[in-house]
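In this text the structure is predicted, and so the values were computed from the model without any measurement. Each chain gets a letter, A, B and so on, in the order the sequences are listed, and its residues count up from 1.
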Number of protein chains: 2
Amino acid sequence: MARRNQHTKEEIQHLAIQAVETMLHQLHHEAISTRMVAKAIGYTVGTLYTVFKHQADMLLHVNARTMDRMYLHCQRGITDSNTPEHNLTLMALSYHQFALQEPNHWNLVFSLRLPENEPIPQWQQANIDQIFHLLENELTRLHPNMSQQTIQKNARILWSGVHGMTTLALNNKLFIEGITDIETLLSNLVHQLVFSWSGA
Amino acid sequence: MARRNQHTKEEIQHLAIQAVETMLHQLHHEAISTRMVAKAIGYTVGTLYTVFKHQADMLLHVNARTMDRMYLHCQRGITDSNTPEHNLTLMALSYHQFALQEPNHWNLVFSLRLPENEPIPQWQQANIDQIFHLLENELTRLHPNMSQQTIQKNARILWSGVHGMTTLALNNKLFIEGITDIETLLSNLVHQLVFSWSGA
DNA sequence: AACTTAAATTGAACACTGTTTAATATGGCT
DNA sequence: AGCCATATTAAACAGTGTTCAATTTAAGTT
C-alpha cells in the first residue's frame, strides 16, 4: 500500500502528537515507542520519519503543547485586583497542580534529551521567558522602584523554589512523616521571599 | 567457559558498579547498557543478572555511592565557628558544584525510575534525611527557639530552592542574557530566606 | 483512455536493547 | 579418578530507533 493520500503531512504530525498525549495519560514517556505511536494512528514507523526528524523531535512537539497548556494554567485567576503576593501564590499552586494533573507530560518537558549537537529550540526559551514575564510583572507591581535586573534575579530565585519543590514532591523526595502538605510549603516559600524583598 | 571463580559475587558487583561510574564520566546514564558493562568487566550479561535483580537495581547501587559522595561533599567546610548562614551558603554552593562536577552521576540519582511496584529503597530515604539533618542543624543554631516542625519545614523550603536552581541551571532553563551567575543566585536565595526567618 | 511521473507509504533490514534460561565446563570434594 | 554443585556462557526472545529500496497509486499529460 502506498500513496493513499488520506492525510496531509501536517495532519499526520498532529495525529501522532495527539496519540502520544493520550498515551502519556497512562504511560511514562520512556515506555512510548515509535512503533506504538505508528500503530495507534494507522501508519508505519517509516511514515513517522517523513514527518519528524526522530523520536525526540516528535516528543519536542508534544512538549511545545504541554508548555502552552502549562502557561495558560498558571495564568488562571491572575488579576491586577489581587495583591502581587496572592497572584504569585496562585501561580505557584497552579504550577504544582498542573504537574500533579499531568505528571507524565510535565516530566517529559524536563527530562527529554535531544541528540548531541542538536540545539535547544528557540520557542522553548520563548516559552520559559513567557512564564518569567508573568512573575516579573508581579514583582514589579510589588516594588516599582526595583531595578529590572534585581526583578529578573528574584523571579528566578522564586521560580527555582517552586520548581524544585514540585520536582521533589512528585518524586517523593521531600517528605517525612506527613509534616505538612506541599501547598502550605509553596505558600510559605512565596510569603517568605516576598517578605524578604520588602525588608531590604 | 564456566566456573572460573576468579571473583566473588561481591567483587563482581563492585566491578560492575565501578565500571558504570567510570562510564558516567563520559556518558549519560541512558546510553549505558548492560552489555557494555558486562564487556567492561570481562563477563557476560548473564553474570550481571546473578548479582543484580535488573539494570535499575545496578544503577541504584551506583546512586547509593553517589549520594554518599554528595553528602560528604556538602559537609565540606561546615564548622560551628562559621555563622549558620555561611554554613548554609557553603552547603548550597557545594551541592551545585557537585552537580556540575558529576552531572551524569547526579542526574541518575534524580531520574532513575524503578519498575512498577518496586518500593523505593529505605537507605535512600535515610540518605535524604541525612542531608536534611545537616540543614536542620544550622536552622536550629539560627533560631534555637523555633519549633522542630517549623525547622523541618524551612529546611525543605530552602532545599527545594537549592535543588530547583541546580536542576534548572544544569539544563539551561534558568538564564537569559548572562544576567548573573548561579552562585550569586544561590547565595541570594539563602540570604533572603535567612532574613525572612529572622523577621517574623 | 492510456501512459508517464512523482511521491506517499511500506516492509524489511540493521544493529542495538533488557531479560531469561538451558547447556556447559570446571573447581573442589570424596 | 570420578562426581557434583555451581559459576558462567551462549543463545534465544521480544522488543527498540532508524534507514531505505521497493512498491503502489494519485495526479498530470498526451
Handout entry: Any B:Y49 side-chain nitrogen or oxygen under 4.0 Å from OP1 or OP2 of C:dT19
Key = yes
Find the distance [X]:[atom1] to [N]:[atom2] and express it as a whole number of Å.
X	N	atom1	atom2	result
A:Q6	C:dT10	CD	C1'	15 Å
A:D57	D:dT18	CG	P	10 Å
A:K53	D:dT18	NZ	P	11 Å
B:E11	D:dA7	CD	P	13 Å
A:K9	C:dA7	NZ	C1'	8 Å
A:L112	D:dG17	CG	P	13 Å
A:N5	D:dA27	CG	P	6 Å
A:Q55	D:dT18	CD	C1'	10 Å

Problem - Contacting residues from residues 26-48 of chain B, given that a heavy atom lies under 4.0 angstrom of DNA chain C - result: B:I32, B:S33, B:T34, B:R35, B:V45
Problem - Salt-bridge contact B:R156-B:E136 (side-chain N to carboxylate O under 4.0 Å) - result: yes
Practice task
Give a yes or no answer on whether the side chain of B:H105 reaches the backbone of B:E21 with a donor-acceptor pair at less than 3.5 Å.
Solution key: yes
Exercise for the section: State whether the side chain of B:R65 and the backbone N or O of B:I17 hold a donor-acceptor pair below 3.5 Å, judged by distance alone. Expected result: no
Problem - Mutual orientation of the aromatic rings belonging to B:F110 and B:H163 [parallel < 30°, tilted 30-60°, perpendicular > 60°] - result: tilted
Please tabulate, one pair per line, all N/O donor-acceptor pairs under 3.5 Å involving side-chain atoms of residues 42-50 of chain A, not counting sequence neighbours.
from: A:Y43; atom 1: OH; to: A:H7; atom 2: ND1; distance (Å): 3.0
from: A:T50; atom 1: OG1; to: A:T47; atom 2: O; distance (Å): 2.5

Practice task
Using the test ring-ring contact (aromatic ring centres under 6.0 Å, His included), find all partners of B:H54 that sit at least two apart in sequence or belong to another chain.
Solution key: none
